[in-house]
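Have a look at the structure below, then the notes.
Sequence lines set the chain letters: A, B, ... in the order given, protein chains first and strands last, and positions in each chain run from 1.
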Protein chains: 2
Amino acid sequence: MADAVEQLIEELAKLPGIGRKTASRLTFHLLKQSKDTAYALSQAIRQVKDRIVFCETCGNIAEGPRCAICRDPRRDDATICVVEEPSDIHVIERSGHYRGRYHVLHGRLSPLDGVGPEALTVDGLLGRAREDMVQEVILATNPDVEGEATALYLRRALGPVGVKVTRLARGIPMGGSLEFLDEVTVGEALSARREL
Amino acid sequence: MADAVEQLIEELAKLPGIGRKTASRLTFHLLKQSKDTAYALSQAIRQVKDRIVFCETCGNIAEGPRCAICRDPRRDDATICVVEEPSDIHVIERSGHYRGRYHVLHGRLSPLDGVGPEALTVDGLLGRAREDMVQEVILATNPDVEGEATALYLRRALGPVGVKVTRLARGIPMGGSLEFLDEVTVGEALSARREL
């Protein structure tokens, strides 16, 4: 195949969840599109790298040194919600139930992959949690093995700081079916049941 | 979310098989990559549009007016293999069983979507098939409803040209399981059975 085609297939195949077959399909799709469409995608990739950095304070994506949430004076300084990735912030914001600040770990503990606390933004979090106005740290890491381990580690590290540490409630997700839920979730949903 | 991020999600979501969720995942992945990695992808997309055109003769992808296969004097001028898309050429080439020329239709007949013969490169094919050296046209359209309809249309259109028209054999694919094969394929595999 032509070099330029081979090259694009190779670059696309580096993306997560995209194998060589999908990369090849996408390449031939782009070949059929107008120049403008393909250029727009090429340009959008450049711009995201040129314009977006990570917020100095919380690690969220930002177009300047501090992100839109850290710059917003109406947000509540008393709570910090800790997430693994910037994309998790978007999920929590969409719920409309949180008005505090965030802290992005940029990963989770994973000893097998060599990811220890020093590879995450744990020091920054401890520093922020020590500030007087902070009263609660909400741990919103993912509910899987690594996320749980990260949450347990953070709870212990935050112990001496003397701040309240909470985590997201476990339970049955909306639209979920009992039949397909694991026993841990059902167990936690039972023990945390609420009066109707 | 930041404009640049929103923009990239939107552009990625235009690609076939990529919804907003995947687009968002890919965007955050690119945000975490080095500038070089992201620039390489951006550049590869531009280059494919800047360098690659479709071959004047057969419609395959090419880096000049004629593609590598049309320029190759060792290929057999007596046969033309007709495929729907340039990517199909790659599949046939990989088999190593074909040394003739190709012709890319750039689509297939689909009256419901308003795709008639004039939207395909049928005229070009008829012109090429009329040349003295051409003895056989192999129809390698996809074995689905539209591909079959396109093959039947082409066989009729090629009738007056007086060239031999063949199509790829039907049968049981390697690694396939009889249990999951449709009855048409099994029927054709039976009637075209060969002595061992």
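- Proximity to chain B is absent for every atom of A/T22, based on heavy atoms less than 4.5 angstrom apart.
- Between B/D72 and B/R99, the shortest heavy-atom contact is OD2-NH2, 4.2 Å.
- Scanning all heavy atoms of the two residues, the minimum distance from B/C67 to B/C55 falls at N-SG, 3.2 Å.
- For A/A38, the parts lying under 4.5 angstrom from a heavy atom of chain B are both the backbone and the side chain.
- For the pair A/D3 and B/E63, the tightest heavy-atom approach, listed with the atom from each and the gap, is N-OE2, 3.6 Å.
- Contacts between A/L12 and chain B at a heavy-atom distance below 4.5 Å involve backbone atoms as well as side-chain atoms.
- Contacts between residues 44-53 of chain B and chain A, defined by a heavy-atom separation under 4.5 Å, are made by B/A44, B/I45, B/R46, B/Q47, B/V48, B/K49, B/D50, B/R51, B/I52.
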Stepwise side chain to side chain contact (heavy atoms under 4.5 Å, CB included) check, B/Y102 with B/R75: CA-CA 10 Å; B/Y102 287 97; B/R75 308 280 310 204; 3.7 Å; yes
Check against side chain to side chain contact (heavy atoms under 4.5 Å, CB included), B/L120 and B/L125: CA-CA 10 Å; B/L120 308 178; B/L125 173 64; over 6 Å; no
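- Listed by first and then second residue, the side chain to side chain donor-acceptor pair (under 3.5 Å) pairs that reach into residues 187-196 of chain A are A/R167-A/E188, sequence neighbours excluded.
- There is no contact between A/E93 and chain B, counting heavy-atom distances below 4.5 Å.
- Between the side chains of A/T141 and A/T150, no donor-acceptor pair of N or O atoms lies under 3.5 Å.
- Proximity to chain B (any heavy atom under 4.5 Å) is restricted, for A/L26, to the side chain, taken from C-beta onward.
- Ion pairing between a basic and an acidic side chain is recognised when a charged N comes within 4.0 Å of a carboxylate O; A/E11 and A/K14 show such pairing.
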